[in-house]
Asker: 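Handing you this structure, nothing more for now.
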There are 2 protein chains.
Amino acid sequence: MILDSETKASEHSEDHGDELRLWLRLLTCTTLIEGEVRRRLRERFDVTLPRFDLMAQLDKAPEGMTLSDVSKRMMVSNGNVTGLVERLVESGHIDRRTSETDRRVQMIRLTKLGRAEFRKMAAEHEIWIANVFAELSEKDVQDLMRLLAKTKLSARKTVPQKAV
Amino acid sequence: MILDSETKASEHSEDHGDELRLWLRLLTCTTLIEGEVRRRLRERFDVTLPRFDLMAQLDKAPEGMTLSDVSKRMMVSNGNVTGLVERLVESGHIDRRTSETDRRVQMIRLTKLGRAEFRKMAAEHEIWIANVFAELSEKDVQDLMRLLAKTKLSARKTVPQKAV
DNA sequence: CCGAATTACTTTAGGTTTAAAATGATTGAA
DNA sequence: TTCAATCATTTTAAACCTAAAGTAATTCGG
C-alpha cells in the first residue's frame, strides 16, 4: 500500500479543524434556537424551558413515568428532576404518587390543568419551530434529519456505556 | 392560481411535525456531545465547560476582550460572565483590568498560566470532537456544515433584533 | 432465608444561568 | 453646558444543573 505525503502525515497529526468548526456551528444553532424558545415561553406563558420540556415528556406518556425515565429522556441528572418535579407538583401541573408495587418508585403524570396548559403552549411552540427552519427546503430538512441521526449514532459510540 | 386539497389545507394548518422532530434531534445531538465534553473536561482536567468556553474565546483574542464581547460571543447573559470571570481571575487563569479610555469597560485576557492550560486542554478536546464525528464521511461533514449554516441564517430571522 | 449488590430517589455543595433592577460612566442633542 | 439617554458592568433572586454521597427498597445468588 502506497501512501502519499498527505495521507502519511495524517496518520499522526490529522487535521481536525473541520470537525471542530462543525461542532461549534451545531452548538451555535442549538443555543440560538433554545434561547429564543426560552424567551418566548417566558414572554407568552411565563413558563421556563425545563418545565416545558418535562411536561412535554409527560404529555407523551399518559399512563405516567417514573423520575428515572424522565431523567434518562431529558438527559439530565436525577437530582435535577427531583427539584423540577417538586416545583411542578407545587404549582399543580403534575401529580406524583408512590408506586404500589415498588415503594422506591414515584409515578408522575400531568394533571388536567397541566395537560391543558401544555397543549396550548405546545401548539404555539410547534409553529415557532417551523418558522425557525422556514428557509430550509423539504429536502434540506430530510438531509439534516439523516445527517443528525448519523451524528447521534457516531457520538454515542464515544460515550462509555454503563456495564450490563 | 389553483391549489390542490393538500396545499389548501396547509394554508391554515400546515404539518410542522418534521421540523419539530428535526429540532429535537438537533437538541439531542448537542446535549449528548456537550455532556460528554463536560464529563471529560472534569475527568481529565478538573475544569468546567463554561470555564473552558470562556478561555476558548480569549485564546482567539490575544489582545483581550471586554465582558460584553464575551457575553455576545458565548450567547449568555452579562451577569453570567461577571461570575465566570470572577472565578477565573481568582484561579489565576485570566487577567482583568479597567480600560484607560473608558472606565466602564473591563478588558480581560488569558494569563500565561491560563493560555498554557487552555492549549493543553484544547488539543485533547479537538481530538474528542473529531471522534464524535468519526463515522461521518468528509462529504457528510461538509453537507452538515452547509445545512447548519443555512439553519443559523433561517433561525436568526426569527430572533427580534435590537433597534439600531 | 440472608446479606451483598442494585435500584430509585433525595440531599448536599458548589457552580451556572437567567431576567430584571441597580450602579456608574459616557455620549449626544438641545 | 447640561441632562436625558445609552452603555458596560454588577447585583439580586430564583431557578437550574451536576457530581457525589446518602437513604431506603428491592433483587438475587448462595
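In the text below, chain A, chain B and the rest are named by the order of the sequence lines, each starting its count at 1.
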Asker: Picking from D:dT10, C:dT17, D:dT18, which would you name as closest to the side chain of B:Thr82?
Answerer: D:dT10

Asker: Of the options D:dC17, C:dT18, C:dG15, whose atoms approach the side-chain atoms of A:Pro50 most closely?
Answerer: D:dC17

Asker: Do NZ/NE/NH1/NH2 and the carboxylate oxygens of A:Arg109 and A:Glu63 come within less than 4.0 Å?
Answerer: no

Asker: To the nearest 0.5 Å, what is the distance between CG on A:Leu144 and CG on B:Leu26?
Answerer: 7.0 Å

Asker: Output the rounded distance in Å from CG (A:Asp69) to C1' (C:dC9).
Answerer: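 Whole-Å distance recorded here is 13 Å.
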
Asker: Any salt bridge between A:Lys139 and A:Asp143, counting N to O under 4.0 Å?
Answerer: yes

Asker: Figure out the CG/P separation between B:Asn78 and D:dA13, and round it to whole Å.
Answerer: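 Distance check: B:Asn78 CG to D:dA13 P gives 19 Å.
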
Asker: On a heavy-atom basis, which atom in B:Asn131 and which in A:Ser154 lie closest, and how many Å separate them?
Answerer: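 So the minimum-distance heavy-atom pair works out to O-OG, 4.1 Å.
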
Asker: Could you check B:Gly35 against A:Gly83 and say which one's nearest nucleotide on DNA chain D is further toward the 5' end?
Answerer: A:Gly83

Asker: Tell me what B:Thr66 touches on the nucleic acid: a base, only sugar-phosphate, or nothing, going by heavy atoms under 4.0 Å.
Answerer: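 It contacts sugar-phosphate atoms only.
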
Asker: Can you name the side-chain hydrogen bond (donor to acceptor under 3.5 Å, both in side chains) partners of B:Asn80, sequence neighbours left out?
Answerer: none

Asker: Anything under 3.5 Å between a protein N or O and an N or O of nucleotides 25-29 of chain D, put it in a table, one pair a line.
Answerer:
residue, atom, partner, partner atom, Å
D:dT26, OP1, A:Arg103, N, 3.1

Asker: From CG of B:Leu84 over to P of C:dT16, roughly how many Å is that when rounded to an integer?
Answerer: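 Taking atom P of C:dT16 as the reference, CG of B:Leu84 is at 5 Å.
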
Asker: Tell me: CD of A:Glu43 to P of C:dA19, nearest whole Å?
Answerer: 11 Å

Asker: Check the phosphate of D:dT9 against B:Ser68, side-chain N and O only, distance under 4.0 Å to OP1 or OP2. Yes or no?
Answerer: yes

Asker: With sugar-phosphate meaning primed atoms plus P, OP1 and OP2, does B:Leu49 contact a base, only sugar-phosphate, or nothing at under 4.0 Å between heavy atoms?
Answerer: nothing

Asker: Specify the separation, in whole Å, of atom CZ of B:Arg96 and atom P of D:dT10.
Answerer: 6 Å

Asker: Remember a base hit wins even if backbone is also touched, and classify A:Met75 as base, sugar-phosphate or nothing at under 4.0 Å, heavy atoms.
Answerer: sugar-phosphate

Asker: Less than 4.0 angstrom between a side-chain N/O of B:Asn80 and OP1 or OP2 of C:dT16, yes or no?
Answerer: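 Answer no for this pair, as no side-chain N or O of B:Asn80 is under 4.0 Å from OP1 or OP2.
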
Asker: When rounded to the nearest 0.5 angstrom, what is the spacing between CG in A:Leu147 and CD in A:Gln142?
Answerer: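 Output value for this atom pair is 11.5 Å.
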
Asker: Specify the separation, in whole Å, of atom CZ of B:Arg51 and atom P of D:dT18.
Answerer: 19 Å

Asker: Write down the distance between CG (A:Leu54) and C1' (D:dC17), rounded to a whole number of angstrom.
Answerer: 14 Å

Asker: Choose from C:dC9, D:dT18, D:dT9 the nucleotide whose nearest atom is closest to any side-chain atom of A:Val76.
Answerer: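 Looking only at heavy atoms from C-beta outward on A:Val76, the closest nucleotide is D:dT18.
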
Asker: So if I take every side-chain heavy atom of A:Thr48 and compare against D:dT9, C:dT18, D:dC16, which nucleotide ends up nearest?
Answerer: D:dC16

Asker: In whole angstrom, give the distance that lies between atom CD of A:Gln106 and atom P of D:dA24.
Answerer: 14 Å

Asker: Salt bridge check: are B:Arg96 and B:Glu86 linked by an N-O gap of less than 4.0 Å?
Answerer: yes

Asker: Find which nucleotide of DNA chain C each of A:Val105 and A:Arg39 is nearest to by heavy atoms, and output the residue with the more 5' nucleotide.
Answerer: A:Val105

Asker: Are the charged groups of A:Arg51 and A:Asp53 less than 4.0 angstrom apart, N to O?
Answerer: no

